[in-house]
Amino acid sequence: MSPLALIFKEIRYRKFNFLLSLLAVVAAVALCSAFFTTSKASQTETIRLMRDMGYNLRIVHKDTDMADFWARGYSKYTLPEETAVWFSEHKNLYFTHLLATLKQRIEWQGREVILNGIATEVTPADKKKPSMIFEIEPGTAYIGYALAQINDLKKGDEIEVNGNKLTVAFALPETGNEEDIYIYTHLSDAQKIVGLEKQINEIKALDCYCRIPGVDPLTLLREQVAEKFPEVMLFQIRPIAEARQRQRAMLDGYFAWIMPIVVIACGLWIGALAMLNTRDRREEIGVLRALGYGSGKIAALFLGKAIFIGLAGSIVGYLFGTWLALQVGPTLFEATAKSIKPQTAILYWSLILTPAFAAISSFIPAMVAVSQDPADVLRQDL
């Protein structure tokens, strides 16, 4: 009888052992499939949550007094608007999400408010990403919550700021901080209102998550900035930067250890079942050896069965894991649900790696089986 026929006879005769082994493989592949199918959405959503913490890099004029900067809320020194343009066009910079702003305190409607002119957010040429902030059209304004409430302003109303007419595009929700007294305008409108044409007083950015052994990305970025613009100073909002770094490190660590544990546990499960199968079949193996079946056929029986379980488990596990990811994933990652799609590469790798892993897990039981002397086995059963 051929080894293949023996394998199928073995599966039919010992259905329970086969089903338990198949379940182990299906569980491992399904978990891997579900995990990696949703991993992109998980990573994207985590990145978005960290991005929403805000800009953590500030670029201002080097003469800025930092005590005055924090008390005032902005630098009293300005930079040419072309400074931000250079950053947006330069490649290989260690940051993303560049926002040029001009912020000034002004008198409006009998009270002091903060005018914040913002340009369209850009990213370096090699790092295209969606904007972190709303985009304001020229001639319009976004009004902070407190100012909108006090002046009963709503979308479509017209306001005048230092002789410049603006249309309210949006009344912002309450933030609970000084932004509730902001008037956001397009950068060009703010420059006109305060008489600082083509000037900005701050560039906000978000540092990229670049782990370079032995190198501090912030130091590299400062060197890049200083090389082109020695008149500017760059500093980092450390609580935001450190929170982002810890979150990313935690996510990377989770991906690094959870899957090996699942795979090893399922491999031990398969190996234990194969070992029990070998022990329970000592008499049968002895008879087969006595009938002339060589070590190669006996080993082929155990390893062939493991490979067949691996192939079948790969297909069933991939289908079940993908289905599970498509059903559950969108409820877990609502903002990035569209990125959850079947990953056929997972099936390809499963069909290659899973049978090999199952065969390795069954290798020791197979060697035990072929090493048994049929005379000793049959003598013990008399």
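Just so you know, these numbers come straight off a predicted model, no measurement behind them. One is the number of the first residue; the rest follow in order along the sequence.
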Checklist outcome for this item: Heavy-atom closest pair (Leu79 atom, Glu231 atom, distance to 0.1 Å) is CD2-CG, 4.2 Å

Item to check | Whether Arg105 side chain and Arg72 backbone form a donor-acceptor pair below 3.5 Å | outcome: yes

Next on the checklist: Are more than 12 heavy atoms, taken from residues, nucleotides or ligands other than Phe235, located less than 6.0 Å from that residue's CZ atom?
Outcome noted: yes

Item to check | Over all atoms of both residues, closest heavy-atom pair of Ile159 and Ala141 | outcome: CD1-CB, 4.3 Å

Checklist entry - If you round to the nearest 0.5 Å, how far is CD1 of Ile200 from CD of Glu82? => result 9.0 Å

Next on the checklist: Please verify the inter-ring angle class for Tyr142 with Phe170; under 30° counts as parallel, over 60° as perpendicular, anything in between as tilted.
Outcome noted: tilted

Next on the checklist: Just verifying a value: how many Å separate Leu102 CG and Tyr74 OH, rounded to the nearest 0.5 Å?
Outcome noted: 9.0 Å

Checklist entry - What closest approach, in Å, do Ser314 and Val29 show between heavy atoms, and which atom pair accounts for it? => result O-CG1, 3.6 Å

Item to check | Glu179 backbone acceptor or donor facing Asn177 side chain under 3.5 Å | outcome: yes

Item to check | Exam field: side chain Asn162 to backbone Val194, donor-acceptor pair closer than 3.5 Å | outcome: no

Checklist outcome for this item: What one should report as the nearest heavy-atom pair of Thr120 and Glu135 is OG1-OE2, 3.5 Å

Item to check | Least distance between heavy atoms, Ile143 atom then Ala148 atom | outcome: CG2-N, 3.6 Å

Checklist entry - So Tyr184 and Leu172, side-chain contact (heavy atoms from CB on, under 4.5 Å) or not? Walk me through it. => result CA-CA 10 Å; Tyr184 288 94; Leu172 294 167; 3.6 Å; yes

Item to check | Nearest heavy-atom neighbours spanning Thr83 and Ile203 | outcome: CG2-CD1, 4.0 Å

Next on the checklist: Rounded to the nearest 0.5 Å, what separates atom NE2 in His61 from atom CE in Met233?
Outcome noted: 10.0 Å

